[in-house]
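Following: one structure in structure tokens, then a few remarks.
Owing to the predicted nature of the structure, the values given are computational and were not obtained by experimental measurement. Atoms considered below: every heavy atom in the structure, side chains included; atoms not considered: hydrogens, waters and symmetry mates. Order of the sequence lines fixes the chain letters, A, B, ..., with proteins taken first and strands second; residue numbering starts at 1 for each chain.
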2 protein chains.
Amino acid sequence: MVGIVDVAKMAKVSTATVSRVLSNNMNVSSKTRDRVLKAVNQLEYKPNRLASNLRKMSSKTVMAVVPDITNPFFSSILQGFKDVALEFGYHVLLGDTGNSLEQERDYINLVKERVVDGLILATARLPKEEILAASQEIPVVLACEYMDGFDIPTVSIDNVSAGREAVEHLIRLGHRRIGMITGPLDVILSKDRVKGYYQALNLNEIPIEGVLIQEGNFSVTSGYETMLKLLALKDPPTAVFATNDEMAVGAMKAIKQRGLQVPNDISVIGFDDIPLCGLVEPELTSVSQPRYDMGYQAMQMLLSIIKKEELTRNQIVLPHRLMLRDTCCKRPSPML
Amino acid sequence: MVGIVDVAKMAKVSTATVSRVLSNNMNVSSKTRDRVLKAVNQLEYKPNRLASNLRKMSSKTVMAVVPDITNPFFSSILQGFKDVALEFGYHVLLGDTGNSLEQERDYINLVKERVVDGLILATARLPKEEILAASQEIPVVLACEYMDGFDIPTVSIDNVSAGREAVEHLIRLGHRRIGMITGPLDVILSKDRVKGYYQALNLNEIPIEGVLIQEGNFSVTSGYETMLKLLALKDPPTAVFATNDEMAVGAMKAIKQRGLQVPNDISVIGFDDIPLCGLVEPELTSVSQPRYDMGYQAMQMLLSIIKKEELTRNQIVLPHRLMLRDTCCKRPSPML
DNA sequence: GACAATTTTGTAATCGATTACAATCCGGTT
DNA sequence: AACCGGATTGTAATCGATTACAAAATTGTC
């Protein structure tokens with residue numbers, strides 16, 4: 001393996017000079033620079049990053065922690081991460097927790113061992129305090145989930161408002177019995193969207209009924225199964241709001257299977273606006289999040305923190321948007 | 001930051017001993033081991049991996065190169081990669097090429113700079129020779145794409161046979177005019193599936209017609225658009241085989257939009273068997289690949305190569321399976 | 001041409017864990 | 001008690017690039 005000393009020897013300079021040419025580039029006469037560069041090319045010298053990393057105390061690598069890469073929502077975020085990272089010469093380590101709390105915690109240790117310089121959490125199952133503690137010791141940015149009252153660097157949408165707006169849309173269409181299929185209630189994001197649901201009902205003076213709120217786990221089948229429960233009620237909802245698109249599609253399956261129609265009998269709204277929305281029939285109305293952008297901005301923020309730059313803002317709320325498609329319509333005339 | 005010397009001091013041993021306790025664990029008396037471990041815990045010592053990496057000349061990290069993480073097929077493979085890697089204490093760097101040849105090449109350099117110990121390519125746009133050259137210098141495993149006649153470590157399915165079987169299924173149902181929507185023809189995988197198409201037609205003495213073969217780019221819209229072209233033929237096909245599910249779904253959209261029915265008017269088969277297949281209507285018949293398993297085995301192979309273990313086989317062909325669903329049926333009675 | 005100011009280059013310490021090699025310890029044997 | 005062999009521990013070199021500091025070279029000024 002050819003090292004920096006070989007280059008130095010060939011160019012008849014010291015290793016310091018070679019290093020200078022290859023990094024800062026300042027304070028080297030163009031004559032010697034050329035000589036060094038020629039040697040570098042001739043020997044096909046590639047600096048050993050392991051050595052460089054040790055000396056600089058940085059791995060130039062960050063970790064992206066997501067609950068499940070297989071989910072198109074998160075894979076888009078990842079892409080945002082990667083593009084910024086690349087731009088600044090950083091690499092992205094893949095951290096898929098498979099929704100395990102343990103693994104989430106393990107990843108925090110990687111920073112302490114200097115395997116990575118920082119962390120982006122696109123999932124937050126860990127207790128707030130633990131995350132807060134970590135964020136004070138090491139560079140961490142939270143993507144997707146906003147933690148009320150904690151000053152942790154965050155990029156997210158306003159999930160409460162997004163939830164409220166989705167439900168208000170249904171109310172505006174005349175619906176009064178509105179079912180909600182939520183994700184696991186131990187993740188903040190789910191709680192926030194339920195909060196939005198409450199707000200919408202309260203604003204419109206519609207009484208809240210516990211049975212109309214069902215907990216799923218973000219999977220298609222959980223959407224299917226919880227929808228069956230809602231349909232089994234003596235007085236089933238005329239509209240359903242699911243906190244992600246997969247569950248919404250599962251719900252649609254259940255509705256159709258019971259011989260009912262979407263949206264004529266029951267309206268459905270999803271969340272995330274993944275490509276799937278345009279592929280099912282009828283096409284699914286959904287709340288769109290700027291997922292790529294969230295990833296992009298979160299990584300920008302993380303790298304700023306790593307470089308100890310001053311942050312203008314350390315909490316960014318991005319806009320969401322209700323994408324109207326074909327799964328919502330006026331409430332069927334009530335048969336009083 | 002607490003280092004190994006601090007631990008050594010506290011435990012009143014040398015750094016060598018501390019290191020021994022933390023790694024090999026052999027040849028250390030239990031008395032001193034306990035003492036060291038106590039110090040490690042008390043000081044919350046975390047070894048600095050950067051130093052360790054330099055000394056051991058290994059980053060304990062590998063890179064997974066995929067064309068597009070957003071594609072559920074590749075994200076599943078990634079998960080397979082990650083699970084094996086984790087098991088052996090390795091990390092996975094995310095390499096998304098966005099189908100760019102340049103980036104694919106850049107990633108090879110990362111090994112030379114020792115940023116990663118090895119590479120898994122789940123895409124192979126680079127010329128065969130270049131990949132072969134790389135594989136002789138550094139640990140590389142090819143996932144998904146099998147290169148004829150080159151002895152490069154590979155995990156894949158038999159794309160030729162898979163393509164042939166899909167088309168034969170259509171022929172068995174009575175179809176004789178069978179359209180093919182293929183992925184970009186510069187990737188081996190596409191070529192192989194087309195080869196299978198040819199074989200099936202030849203075996204059944206059906207003449208091959210160039211216009212029936214259309215090139216897409218794996219996207220839904222490309223499937224939609226190429227299907228429109230097929231439908232515009234004077235004598236359109238009664239069945240279509242797409243080399244991935246997204247294009248198949250795009251084709252279904254086009255068919256329905258023209259007022260035709262799937263499968264009654266036109267049968268459709270996709271490839272990959274991603275979850276989407278079960279969500280569209282009618283549910284899509286597709287060739288299933290063991291994607292997680294491919295990732296899993298490819299990573300096992302790569303780690304073996306890195307550790308310079310003897311490989312029993314360095315080319316693995318995994319089984320595929322035609323998943324019958326609702327998009328194929330007998331050819332509509334020909335109106336002669 | 002002498003001297004100061006500045007630029008360019010070199011020397012050697014440094015990052016922190018690992019490990020080859022040397023030293024020491026300990027129990028058993030004669 | 002002397003000695004041996006194996007187990008345990010310590011010393012110091014090592015990985016290869018970076019960089020603080022020192023030295024040398026160059027430029028400019030009078």
Please classify the nucleic acid contact of A:Asn27 as base, sugar-phosphate, or nothing, using heavy-atom distances under 4.0 Å.
base
By the 4.0 Å heavy-atom rule, please label B:Thr15 as base, sugar-phosphate, or nothing.
base
Assuming nearest nucleotide by heavy-atom distance, tell me which of A:Thr17 and B:Ala51 is located more 5' along DNA chain C.
A:Thr17
From CG of A:Leu50 across to C1' of D:dT18 the rounded distance in Å is 15 Å
5'-most contact on DNA chain D (nearest-nucleotide basis), B:Lys56 vs B:Arg35, goes to B:Arg35
Compare side-chain N and O positions of A:Ser29 against OP1 and OP2 of C:dT9 and report whether any pair is under 4.0 Å apart.
yes
Verdict with supporting geometry, B:Glu44 and A:Lys112, salt bridge (charged side-chain N to carboxylate O under 4.0 Å, His left out)
CA-CA 10 Å; B:Glu44 295 190 53; A:Lys112 300 194 177 158; 5.6 Å; no
Under 3.5 Å donor-acceptor pair, B:Arg20 side-chain atoms to D:dG10 base atoms
yes
Under 4.0 Å, counting only non-hydrogen atoms across every strand here, what does A:Ser19 touch: a base, just sugar-phosphate, or nothing?
base
Residue-phosphate contact under 4.0 Å: B:Thr32 side-chain N/O, D:dT9 OP1/OP2
yes
Nearest-angstrom distance from the residue atom NZ of B:Lys12 to P of D:dG10
12 Å
Identify whether any heavy atom of A:Val13 sits under 4.0 Å from a base atom; if not, whether one sits that close to sugar-phosphate; answer base, sugar-phosphate or nothing.
sugar-phosphate
Candidate nucleotides C:dA17, D:dC15, C:dT9, ranked by approach to the side chain of B:Asn48 - the nearest:
C:dA17
I need the CG-P distance between A:Leu22 and D:dG16, as an integer number of Å.
16 Å
Just the rounded figure in Å: distance from C1' of D:dA12 to CD1 of B:Ile4.
14 Å
Protein-nucleotide distance (B:Asp34, atom CG; D:dT9, atom P), rounded to Å
11 Å
Nearest-Å distance for atom pair NZ/P, residues A:Lys9 and D:dA17:
12 Å
Give a yes/no answer on whether the side chain of B:Ser14 brings an N or O atom under 4.0 Å of OP1 or OP2 in D:dT11.
no
Taking atom P of C:dA12 as reference, at what distance in whole Å does atom CZ of A:Arg55 sit?
16 Å
Between P of C:dT19 and CE of B:Met57, the distance in whole Å
12 Å
Taking the side chain from A:Arg33 and the backbone from A:Val21, do they hold a donor-acceptor pair closer than 3.5 Å?
no
Sub-3.5 Å donor-acceptor pair from the side chain of B:Glu145 to the main-chain atoms of B:Leu189, do we have one?
yes
Determine the sole option in B:Thr154, B:Leu132, B:Ile131 for which the side-chain contact (heavy atoms from CB on, under 4.5 Å) test with B:Met147 is passed.
B:Ile131
Would you mind telling me which of A:Glu87, A:Gln79, A:Arg291 makes a side chain to side chain donor-acceptor pair (under 3.5 Å) with A:Tyr296?
A:Glu87
